[in-house]
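What follows is a short report on a single structure.
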Amino acid sequence: MSKLQFHLFPCLSDNYGVLMHCPQTGATASIDAPEAAAVDKALDATGWKLTHILLTHHHHDHVGGVEELKRKWNCAVIGNAGEPHDLPGLTGTVAPDSTYDFTGRKAHIIATPGHTLGHITWHFADDGVAFAGDTLFTLGCGRVFEGTMEQMWDSMQKLAALPPETVVYCGHEYTMSNGKFALTVEPDNEALKARMAKIEKLRAEGKPTVPTTIAEELETNPFLRAGSAARFAEVRKAKDNF
Ligand code: ZN
Ligand code: FE
């Protein structure tokens with residue numbers, strides 16, 4: 001099976017959009033749809049034709065472009081059937097712990113509640129890639145808006161258990177702020193210090209710090225490394241006030 005291709009692009013104030021393309025079938029998925037114009041521009045740049053939108057959660061900065069893109073491309077729009085909030089434009093649903101067939105490639109739907117109750121992560125195990133939306137960020141994690149700290153910790157644990165080489169795309173470029181905070185939690189973490197030096201250079205050059213990998217996050221992300229739900233909650237609350 002040919003390799004999937006990816007195209008990451010910034011949009012809105014600090015969001016990332018990402019296109020995933022199968023060269024064999026021509027299928028192209030937008031993971032979330034933060035902004036129709038930015039997704040269209042990315043499609044122009046790649047020459048790919050939008051066939052799918054795969055949603056992680058209901059927040060506007062992830063679904064705001066769905067209706068316009070669907071009108072233009074007549075694409076499939078797939079989201080969590082158990083999402084208690086309305087997801088716009090759905091043409092199909094997936095259930096957590098089930099699989100979704102993206103033109104012959106299997107996505108495992110991982111329930112990752114916490115940031116929102118219906119948040120899901122799309123894991124393409126055979127391709128070694130996961131789309132974590134606003135659950136896991138490079139050196140950080142999403143705010144816990146709808147779920148409990150325990151739920152979010154469970155979600156982090158599920159992601160921590162993915163193969164370490166898994167490439168993780170997330171929804172935002174929050175890494176500088178995340179990294180500064182991470183250093184207050186683990187000032188003696190050498191891997192974290194080394195990583196922050198690289199990240200500062202990337203950001204100074206205007207380059208993204210996304211995607212990341214599970215292996216890198218296991219070494220440097222204070223939320224993944226919290227060790228217990230209680231400690232996770234402390235760290236999350238400290239970040240909220242950072
Ligand atoms: Zn969100
Ligand atoms: Fe977001």
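Numbering of ligands and ligand atoms starts at 1, following listing order. Side chains included, hydrogens not; waters and symmetry mates left out as well; all remaining heavy atoms used.
Around the CD atom of Glu68, the shell of radius 6.0 Å holds no more than 12 heavy atoms that belong to other residues, nucleotides or ligands.
Taking 2.8 Å as the criterion, His172 counts as a coordinating residue of the Fe ion (ligand 2), since one of its N, O or S atoms falls below it. Here His115 meets the criterion, with an N, O or S atom under 2.8 Å of the Zn ion (ligand 1). For the Zn ion (ligand 1), the N/O/S atoms of His119 include none lying under 2.8 Å. Look at His57 and the Fe ion (ligand 2): no N/O/S atom of the residue is under 2.8 Å from the metal. One of the N, O or S atoms belonging to Asp134 lies under 2.8 Å away from the Zn ion (ligand 1).
Here the side chains of His172 and Asp61 are in contact, with some heavy-atom distance below 4.5 Å. Contact check for Leu55 versus Ile78: no side-chain heavy atoms found under the 4.5 Å cut-off.
Checked against the 6.0 Å centroid criterion, the rings of His57 and His115 qualify as a close aromatic pair.
The Zn ion (ligand 1) sits nearest to atom ND1 when only the N, O or S atoms of His59 are considered. In terms of distance to the Fe ion (ligand 2), the nearest N, O or S atom of Asp61 is named OD2. Atom NE2 is the N, O or S atom of His57 at the shortest distance from the Zn ion (ligand 1). Atom OD2 is the N, O or S atom of Asp134 at the shortest distance from the Fe ion (ligand 2).
Looking at Asn189 and Glu186, their side chains do bring a donor and an acceptor atom within 3.5 Å of each other. With hydrogens and angles left out, the side-chain atoms of Thr112 and His119 include a donor and acceptor closer than 3.5 Å.
Counting only distance, with no hydrogens or angles, the side chain of Arg225 and the backbone of Glu219 share a donor-acceptor pair below 3.5 Å.
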